[in-house]
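Scroll down for the structure; my scribbles are underneath it.
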Amino acid sequence: MRSLEALELKIWLVNPHAVPPSEGGGTRHFSIAKELSRKGHEVVVVASDAHYLGNSTERRVGLIDHDGVPFFYIPAPPYHPHSRKRFINHLVFASRLKRATIPGFEPDVIMGSNPHLWAADGARARAASLGIPFVLELRDLWPEALLTYSQFTESQPIIRWMRRIESRLYRAANQIVVTPTRAADYLCTHGVERERVHAIPHGIDLDLTPTITPTPENDTFTVMYAGAHGVANALDILLESAKQLMDANVRFRLVGSGPVKPTLIERARAEGIANVEFLDPVSKKDLFPLLQSADAFTMVTMPKALYKWGNSFNKMFDYMAMARPTIYAGSLPDCPVADADGGLVVPPNADAITGAIRTLLSMSPSDRETMGTRARKFVEQNHSTLELANQFELVFKSALRGTI
């Protein structure tokens, strides 16, 4: 019998939206795979060849090495972000995943992440067919998120279907990883034993962050948002704050893409909000140098029942790692900005954000730098991907306990 503690594992990390740092999107699984590989494990990231934003420029199939991390691409139809083909992409990826093989790489454990439920369910099915443990990673609470930000109701067929998949995943998972900080409480309402649930939030890959530089001496105080431009991001509130600050030496830079971006651009043009700049999304490796050009960062979450289970935002840790103050407008429980005293936490409205920006403007550069330094130290100590990988390793070994 092999010793579990000394065992070098073979792991599949399944996330159709996973990308390396050279592309725009989430690099969590790239970074976790890299750290687990350094610990002696063999890890493959299993992803879809069609980018979730629908902007893939090449068809990628099979194993491709990205800076030492192997990605195994499953072909699935490309799609526009908000077309019906997106759903077809989800189903095709899940179907092909259920039969996927990687020559010479038989996994000991498979983790399925859930940017959509069908991907996680495909990972569950593949693990079952191989007779190995399945670990579920809940990044989003589906279908709760869909019910929160759409007109769907519990009685509709798509929601009933998602509920069935959700229940199946909870029953099948040997262990469950959650990024929302209080999702264990949500899972308990669905009959999941708390001891199977492990909170591993998002974090920061310190290998990817550049050397921290002093805040630039900008002629204009620059407040930056970098992330999705969707309904949930409430960027119309930032536009209203920018409008209120037209008389101040402040500019907003909004980096990213999403369904509401054209509407935001048109509103800024129509209302003459000239102190807002809209930038295209960039890869992770190009994001951090861009973030370094800011004086402060901001993000908004509106009060929704969904957030009572907490959340863990990639962008918040990216901001904090840059050693600049962050203005968080919302009421998220377990907020890292508040825990680090690394910025200002205010209600999610334009007046409050405007007031927070004026407060930062009134502070000395050294006081703002001290605030940002506290944020950086907090993520270094609590949210480095090295520490997250250590936690994942324990989860995978727990999943395998009793099977070897």
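When reading the values below, keep in mind they use all heavy atoms of this one structure, side chains included, and skip hydrogens, waters and symmetry mates.
- When side chains are defined from C-beta on, Pro210 counts as touching Met322, because their heavy atoms get closer than 4.5 Å.
- Remark: Lys85 NZ is loosely packed, at most 12 non-hydrogen atoms of other residues, nucleotides or ligands lying under 6.0 Å away.
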| task | Let me see the working for Leu239 and Leu254 under side chain to side chain contact (heavy atoms under 4.5 Å, CB included), right down to the final yes or no. | result | CA-CA 10 Å; Leu239 253 62; Leu254 308 185; 4.0 Å; yes
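- Around CG of Asp65, the count of heavy atoms belonging to other residues, nucleotides or ligands within 6.0 Å exceeds 12.
- Note on ring orientation: taking the six-membered ring where Trp is involved, the planes of His66 and Tyr73 are perpendicular (angle over 60°, cut-offs 30° and 60°).
- Residues Arg38 and Glu35 are paired through a salt bridge, judged by an N-O separation under 4.0 Å between the basic side chain and the carboxylate.
- How far CG of Asn275 is from CD of Glu277: 11.0 Å, rounded to the nearest 0.5 Å.
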| request: Decide yes or no on side chain to side chain contact (heavy atoms under 4.5 Å, CB included) for Ile11 and Val44, but give the supporting numbers first. | output: CA-CA 6 Å; Ile11 306 164; Val44 172; over 6 Å; no
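- Between the side chain of Lys34 and the backbone N or O of Gly68 there is no donor-acceptor pair closer than 3.5 Å.
- Without hydrogens or angle criteria, Thr148 side chain to Glu144 main chain gives a donor-acceptor distance under 3.5 Å.
- Closest heavy-atom contact between Gln156 and Phe152: OE1-CA, 2.8 Å.
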| task | Quick one: do Arg28 and Asn15 satisfy side chain to side chain contact (heavy atoms under 4.5 Å, CB included)? Show the steps, please. | result | CA-CA 10 Å; Arg28 172 180 173 89; Asn15 176 3; over 6 Å; no
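- In this structure, Phe72 has its ring center at least 6.0 angstrom away from the ring center of Trp12.
- A centroid separation of less than 6.0 Å is found between the aromatic rings of His383 and Phe317.
- In this structure, the ring pair (Phe, Tyr, Trp, His ring centres under 6.0 Å) partners of Tyr225, at least two apart in sequence or on a different chain, are His229.
- Just one residue in the list Glu42, Glu8, Lys10 forms a side chain to side chain contact (heavy atoms under 4.5 Å, CB included) with Asp108, and that residue is Lys10.
- Looking at Asp121 and Arg124, a side-chain N of the basic residue comes within less than 4.0 Å of a carboxylate O on the acidic one, giving a salt bridge.
- Under 4.0 Å is where a charged nitrogen must lie from a carboxylate oxygen, and between Glu166 and Arg171 no such pair does.
- Residues Asp280 and Lys261 meet the side-chain proximity criterion, which asks for heavy atoms closer than 4.5 Å.
- Of the charged side-chain nitrogens involved, none lies within less than 4.0 Å of a carboxylate oxygen, so that Arg368 and Asp295 do not count as a salt-bridged pair.
- In this structure, CG on Asp207 lies 6.5 Å from OG1 on Thr385, to the nearest 0.5 angstrom.
- Between the Asp49 side chain and the Ala76 main chain, a donor and an acceptor come within less than 3.5 Å of each other.
- Considering only heavy atoms from C-beta on, Phe396 comes within 4.5 Å of Leu36 through its side chain.
- A side-chain N or O of Asp351 and one of Gln244 form a donor-acceptor pair less than 3.5 Å apart.
- Once rounded to the nearest 0.5 Å, the distance linking CZ of Arg401 with CG of Leu394 reads 9.0 Å.
- Residues His41 and Glu393 have side chains that bring a donor and an acceptor to within less than 3.5 angstrom of each other.
- The backbone N or O of Thr222 lies less than 3.5 Å from no partner atom in the side chain of Arg253, so there is not a single donor-acceptor pair.
- Of the inter-residue distances, the one linking Ile158 atom CD1 with Thr153 atom OG1 reads 12.0 Å to the nearest 0.5 angstrom.
- Between Lys284 and Asp205 no salt bridge is recorded (no basic side-chain N to carboxylate O distance below 4.0 Å).
- Nearest heavy atoms, Leu291 versus Phe297: O-CZ, 3.4 Å.
- With contacts defined as side-chain heavy-atom distances shorter than 4.5 Å, the pair Thr209/Arg376 qualifies.
- In this structure, Glu380 CD and Met320 CE are separated by 11.0 Å, a value rounded to the nearest 0.5 Å.
- Asn174 places no side-chain N or O within donor-acceptor distance of the main-chain N or O of Val135, the cut-off being under 3.5 Å.
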| query | Given Ile110 and Leu130, is the side chain to side chain contact (heavy atoms under 4.5 Å, CB included) satisfied, shown in steps? | reply | CA-CA 10 Å; Ile110 293 177; Leu130 293 171; 4.2 Å; yes
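- Between His90 and Phe87, the ring-plane angle classifies as perpendicular under the 30° and 60° cut-offs.
- A side-chain N or O of His29 and one of Glu137 form a donor-acceptor pair less than 3.5 Å apart.
- At least one donor-acceptor pair closer than 3.5 Å links the side chain of Arg324 to the backbone N or O of Ala294.
- Residues His198 and Gln391 form no side-chain contact, since every pair of their non-hydrogen atoms from C-beta on lies 4.5 Å or further apart.
- Remark: the backbone N or O of Asp367 is paired with a side-chain donor or acceptor of Ser364 at under 3.5 angstrom.
- Annotation: the span from Gln381 atom CD to Glu387 atom CD amounts to 11.5 Å, rounded to 0.5 Å.
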| task | Under the salt bridge (charged side-chain N to carboxylate O under 4.0 Å, His left out) rule, what do Glu240 and Arg267 come out as? Steps first, then yes or no, please. | result | CA-CA 10 Å; Glu240 185 61 32; Arg267 179 188 169 189; 2.6 Å; yes
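- Atom CD of Glu154 is surrounded by more than 12 heavy atoms from other residues, nucleotides or ligands within 6.0 Å.
- With respect to Arg194 and Asp185, a salt bridge is recorded, a charged nitrogen being found less than 4.0 Å from a carboxylate O.
- A donor-acceptor pair under 3.5 Å is absent between the side-chain atoms of Asn89 and the main chain of Pro78, judged by distance alone.
- Between Ala33 and Val45, the closest heavy-atom pair is CB-CG2, 3.9 Å.
- The 12-atom threshold is exceeded at CD of Glu195, counting heavy atoms of other residues, nucleotides or ligands nearer than 6.0 Å.
- Across all non-hydrogen atoms, the minimal contact from Leu235 to Ala228 is CD1-O, 4.1 Å.
- In this structure, Asn114 contributes its side chain and Asp140 its backbone to a donor-acceptor pair below 3.5 Å.
- For Trp142 and Trp118, the ring centers sit 6.0 Å or farther from each other.
- Under the 4.5 Å side-chain criterion, counting only non-hydrogen atoms from C-beta, Gln292 is not in contact with Phe288.
- Inter-residue side-chain proximity for Met224 and Ser293 is flagged as met; some heavy-atom pair is nearer than 4.5 Å.
- In terms of the ring pair (Phe, Tyr, Trp, His ring centres under 6.0 Å) criterion, Tyr328 has no residue partners (sequence neighbours excluded).
- Side-chain atoms of Leu245 and Phe221, non-hydrogen and from C-beta on, never get closer than 4.5 Å to each other.
- A donor-acceptor contact under 3.5 angstrom links the side chains of Ser129 and Arg126, judged on distance only.
- Nearest heavy atom pair, residue Leu360 against residue Met371, reads CD2-SD, 4.2 Å.
- Heavy atoms only, all atoms of each residue included: Thr181 and Asp334 are closest at OG1-OD2, 2.9 Å.
- Counting only distance, with no hydrogens or angles, the side chain of Arg196 and the backbone of Gln175 share no donor-acceptor pair below 3.5 Å.
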